[in-house]
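Note sheet for the following structure.
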Amino acid sequence: MVSKLSTLFLRTLREDPVDAEVASHKLLVRAGYIRRAAPGIYTWLPLGLKVLARVEAIVREEMNAIGAQEVHFPALLPREPYETTNRWTEYGEGLFRLKDRKDADYLLAPTHEEMFTLLVKDLYNSYKDLPVYLYQIQNKYRDEARPRAGLLRGREFIMKDSYSFNIDDAGLDEAYYAHRGAYLKIFERLGLEVVPVFAQAGAMGGSKSEEFLHPTAIGEDTFVRSPGGYAANVEAVTTVVPEDIDYANAPAFEVLDTPDTPTIDTLVAAANEIRPLEDGQWAAEDTLKNVVLAVIDPAGERHLVVLGVPGNRQVDLKRVEATIGTALEIGGEVQVEAATAEDLKNYPQIVTGYLGPALGLDNVLLGTESVTGIPYLVDPRVVSGTTWITGANEAGKHVFGLVAGRDFGWDGTIECVNVLEGDPAPDGSGPLRTERGIEMGHIFQLGRKYAEALDLKVLDSNGKLQVVTMGSYGVGVTRAVAALAEAYHDEKGLSWPAQVAPADVHVVVTGKGPELLEAAEKLATDFEAAGLEVLLDDRPKLSAGVKFSDAELIGVPKIVVVGRGLADGLVEVKDRATGERKDVAVDQVVAEVSGS
RNA sequence: CGGGCUAUGGCGCAGCUUGGUAGCGCGCCUGACUGGGGGUCAGGAGGUCGCAGGUUCAAAUCCUGUUAGCCCGACCA
């Protein structure tokens, strides 16, 4: 097909839109691929739609290749199925809800687990019908607190979501790995580097889960990888627990004046001044910071807990939320936040900024058996025999040389802090380094949670009802477009890989004279006949510079210039990505472009 | 949810302190010149200044309220 720029619905912008921060957002708007309709909601223009269609085609082919079948659900759904699985409530403010004229509740679907489950329940009832893999490519709606970065995190976005239905766990495994393989192929074909990383499966109730992250500095997810090939989301990394240390010869602790040291930095500086080490310097990791958190149970009740973690680490509230409920024996979904002054008003012993667990076992402040009774959990690195600088529970004083196990105890350990560059990989494959990535896909073994909630059962070979086991698998399609724009651009504009570009060749006419335009139009038709998608810049009276700049901004991989060389039977072929250009005889151009 | 900033033609911005009826660049339209890197000149079209209320003879400008957007944060012992 030939699209003529003289009539194509397109307007390129010379300046970056003011609300765009990242390159993909700026360039997709400037080059006329998308327009913002509302925060996190975008309109697709002709060029953008072509890229989107090509990405979708690749996704479809690979899904079909593993035997998945395409269906299409409405995005507008009734409340009821989501009520059954409790997600109407659990999804909270992230869900777009609306009412019809009879005041009945509807929602714009954030994902479709319920609907797929019900559809299979509707049509199938025998183990002989399984396995079945179903997918759709469809709009999803999530009322993000902070949509950002254009297409990267939108409130309306296109996702390929698929679901597998199996009679047993072995089948689920097979479905999972089939999808895993398909995803690796999809991203390879798209030209998007991805790293499969272990993810936390807990929240969705499943057992096995991996995210496919595209490494990039603007990514919103942080993950770690080791030289030996370990890769995990930071929330899923487990700590390598050090060996206990013999403290038989450890000196007694001492309490020292450390005025004006409310933060770890000031404390470390003070420590190096008043009690310098013979070899080296005190560092943040020699301190034990004690963070008071409030855990809010489903009934809204607030439970205090103190976490003791090395001073160079940050408590990650998400990690805490995932596990603290179990640790404190609180059922249901909990929320965690920093304790407020109100929370602490009944604990005059707690001196903010100078909190410590104990000054010897006969003077214990924290822990379920202590005077405060506040549970005290520690990072797994706090093992018996480690020594710490920590608060002495008196303003302006810290205790030095407090030995874990000798001078203080704890109620349990918890994975609650961030991973740091250089931490060992849990599988012994070397030191971890942190990287940022965009989540391009996610695969989950859901297990029987949804099937049970929605009563999806089939008869097995013994004529008994069995609950079906499920997997769910997603690819962010619009996000892939953004990630590709992010990965393939330079200072002049976009530079698409051939397989997703909005066209295969961009023909530019420069100079005046009807013979130039005629030659270009003929060339465009020839390209079309050779099976190529063509963009023809036939806009009259525009200077060559404007057309060249637009061609580079739009980013079609091959640019053919019909201009001053035509008198000698030559046109220029430019490679958008490499910048390489050469003169080619007019009758050789089609072969040159389609052959390379 | 907290903090900061912003809201003026399609895009990017000035004007606001000190009220007087809106301006610049890009883009768009007409014509001429130019014709291989966002060219030049001349002439045009296009804005109830986010919304509501108030003060005033007069409000983009001052006051009150409200809505929306963008960025940052959402634990610091």
Side-chain angles (χ1 to χ4, degrees), chain A residues 10-22 25-26 29-30 32 35-41 92-93 145-150 258 261-268 284 287-295 305-321 324 335-340 343-344 350-357 365-366 376 378-379 388-393 395 398-399 416-418 492-493 508-513 516 537 539-553 559 561-566 571-572 574 581 583:
Chain A
L10 171 75
R11 178 117 305 143
T12 57
L13 303 179
R14 196 179 291 199
E15 287 169 282
D16 287 332
V18 69
D19 56 352
E21 286 285 306
V22 302
H25 186 192
K26 289 177 184 170
V29 172
R30 275 188 55 202
R35 298 291 299 169
R36 196 190 76 122
I41 303 178
E93 296 193 318
R146 247 186 90 189
R148 70 185 101 184
T258 52
T261 55
T263 67
I264 291 292
D265 284 347
T266 52
L267 173 59
V268 169
T287 67
L288 181 67
K289 68 175 170 186
N290 299 289
V291 182
V292 190
L293 299 177
V295 180
V305 61
V306 177
L307 304 183
V309 305
N312 60 331
R313 309 255 167 190
Q314 314 257 312
V315 170
D316 181 334
L317 291 183
K318 280 224 182 72
R319 294 195 85 173
V320 177
E321 273 173 5
I324 193 87
Q335 276 192 307
V336 177
E337 60 182 40
T340 61
D343 288 325
L344 293 171
I350 290 181
V351 185
T352 312
Y354 298 91
L355 177 59
L365 185 69
L366 298 175
Y376 185 52
V378 298
D379 181 78
W388 303 94
I389 300 175
T390 192
N393 300 315
H398 280 87
V399 54
C416 65
V417 295
N418 60 326
K492 290 176 176 170
V508 173
V509 192
T510 70
K512 54 182 175 182
L516 290 166
D537 194 345
R539 292 176 294 180
K541 294 196 165 190
L542 273 188
S543 78
V546 172
K547 293 187 172 184
F548 292 156
S549 298
D550 273 349
E552 281 152 350
L553 180 60
I559 300 167
V561 183
V562 179
R564 62 187 175 195
L566 189 69
V571 296
E572 186 176 288
K574 293 201 250 192
R581 48 172 87 178
D583 288 327

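Throughout, a chain's letter reflects where its sequence line sits, starting with A, and its residues are numbered from 1. Keep in mind that what you see is a predicted model, and the values were worked out from it rather than measured.
- Residue A:Ile264 is in base contact, counting any heavy-atom pair closer than 4.0 Å across all strands shown.
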Applying side-chain contact (heavy atoms from CB on, under 4.5 Å) to A:Arg30 and A:Asp16, what does each step give before you reach the verdict?
CA-CA 6 Å; A:Arg30 275 188 55 202; A:Asp16 287 332; 2.9 Å; yes
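- Nucleotides B:U64 and B:C13 place their P atoms 27 Å apart, quoted to the nearest Å.
- For the pairing with A:Val399, the side chain to side chain contact (heavy atoms under 4.5 Å, CB included) check across A:Ile389, A:Thr390, A:Asn393 returns one residue only, A:Thr390.
- To the nearest 0.5 angstrom, A:Lys289 atom NZ is 13.0 Å from A:Leu355 atom CG.
- Across B:U21 and B:A59, the matching P atoms stand 12 Å from one another, rounded to whole Å.
- In this structure, the nucleotide among B:G36, B:G38, B:C11 sitting nearest to the side chain of A:Phe548 is B:G36.
- In this structure, A:Arg11 reaches the sugar-phosphate backbone alone: every heavy-atom distance under 4.0 Å involves primed, P, OP1 or OP2 atoms, never a base.
- Following rounding to the nearest Å, A:Ile559 (CD1) and B:G36 (P) show an atom-to-atom distance of 17 Å.
- Note on A:Lys547: nothing from the nucleic acid sits closer than 4.0 angstrom, heavy atoms only.
- The separation of B:A42 from B:C24, taken at their P atoms, amounts to 13 Å, rounded to a whole angstrom.
- A:Val18 comes within contact range of the sugar-phosphate backbone alone, with a heavy-atom separation under 4.0 Å but no base atom that close.
- Regarding A:Asp550, its CG atom lies at a distance of 15 Å from the C1' atom of B:G36, rounded to whole Å.
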List the steps, then state whether side-chain contact (heavy atoms from CB on, under 4.5 Å) holds for A:Leu365 with A:Tyr376.
CA-CA 9 Å; A:Leu365 185 69; A:Tyr376 185 52; over 6 Å; no
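- Here A:Asp16 lies in heavy-atom contact (under 4.0 Å) with sugar-phosphate atoms only.
- Using a 4.0 Å heavy-atom distance criterion, A:Gly563 is classed as a base contact.
- If you check distances only, the side chain of A:Arg581 does reach the base of B:G37 with a donor-acceptor pair under 3.5 Å.
- Taking atom P in both B:G50 and B:G9, the straight-line distance is 8 Å, to the nearest Å.
- Base pairing analysis places B:C57 opposite B:G20; the two distances defining the Watson-Crick or G-U wobble pair are each below 3.5 Å.
- With a 3.5 Å ceiling on both atom-pair distances, the Watson-Crick or G-U wobble partner of B:G2 is B:C72.
- The same atom, P, is picked in B:C49 and in B:A7; the two are 14 Å apart, to the nearest Å.
- Counting any heavy atom pair closer than 4.0 Å across all strands shown, A:Leu542 reaches a base atom.
- Nucleotides B:G73 and B:C28 have their P atoms positioned 39 Å apart, rounded to a whole Å.
- To the nearest angstrom, P of B:G10 lies 14 Å from CZ of A:Arg36.
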CA sep, side-chain torsions, deciding dist, call: A:Lys574, A:Val561, side-chain contact (heavy atoms from CB on, under 4.5 Å):
CA-CA 8 Å; A:Lys574 293 201 250 192; A:Val561 183; 3.8 Å; yes
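- The side chain of A:Ser543 lies closest to B:G38 when the candidates are B:C75, B:C11, B:G38.
- At least one side-chain heavy atom of A:Arg35 sits less than 4.5 Å from a side-chain heavy atom of A:Val29.
- In this model, the phosphate group of B:G27 is approached by a side-chain N or O of A:Arg14 to a distance below 4.0 Å at OP1 or OP2.
- Here the closest non-hydrogen pair linking A:Ile264 and A:Ala284 is CG2-CB, 3.7 Å.
- In this structure, the CZ atom of A:Arg30 is 13 Å from the C1' atom of B:G27, given to the nearest Å.
- The base of B:G37 sits with one of its N or O atoms less than 3.5 Å from a complementary donor or acceptor on the side chain of A:Lys574.
- The residue among A:Lys541 and A:Gln314 whose nearest nucleotide of RNA chain B is located toward the 5' end is A:Lys541.
- Distances from the side chain of A:Ser549 to the nucleotides B:C75, B:G37, B:G36 place B:G37 closest.
- For the C1' atom pair drawn from B:U17 and B:A60, the interatomic distance equals 14 Å after rounding to whole Å.
- A:Leu10 has its CG atom 15 Å from the P atom of B:G27, to the nearest Å.
- When the P atom is used for both B:G53 and B:C71, the distance is 32 Å, rounded to whole Å.
- Each of A:Glu21 and A:Thr12 was assigned the nucleotide of RNA chain B with the nearest heavy atom; the assignment lying further toward the 5' end belongs to A:Thr12.
- Among the heavy atoms of the strands lying under 4.0 Å from A:Val561 is at least one base atom, whether or not backbone atoms are also near.
- A donor-acceptor contact under 3.5 Å is not formed by the side chain of A:Glu15 with the base of B:C26.
- In this structure, B:A7 and B:U67 make a Watson-Crick or G-U wobble pair, each of the two defining distances being under 3.5 angstrom.
- Nucleotide B:U30 forms a Watson-Crick or G-U wobble pair with B:A42, both donor-acceptor distances falling under 3.5 Å.
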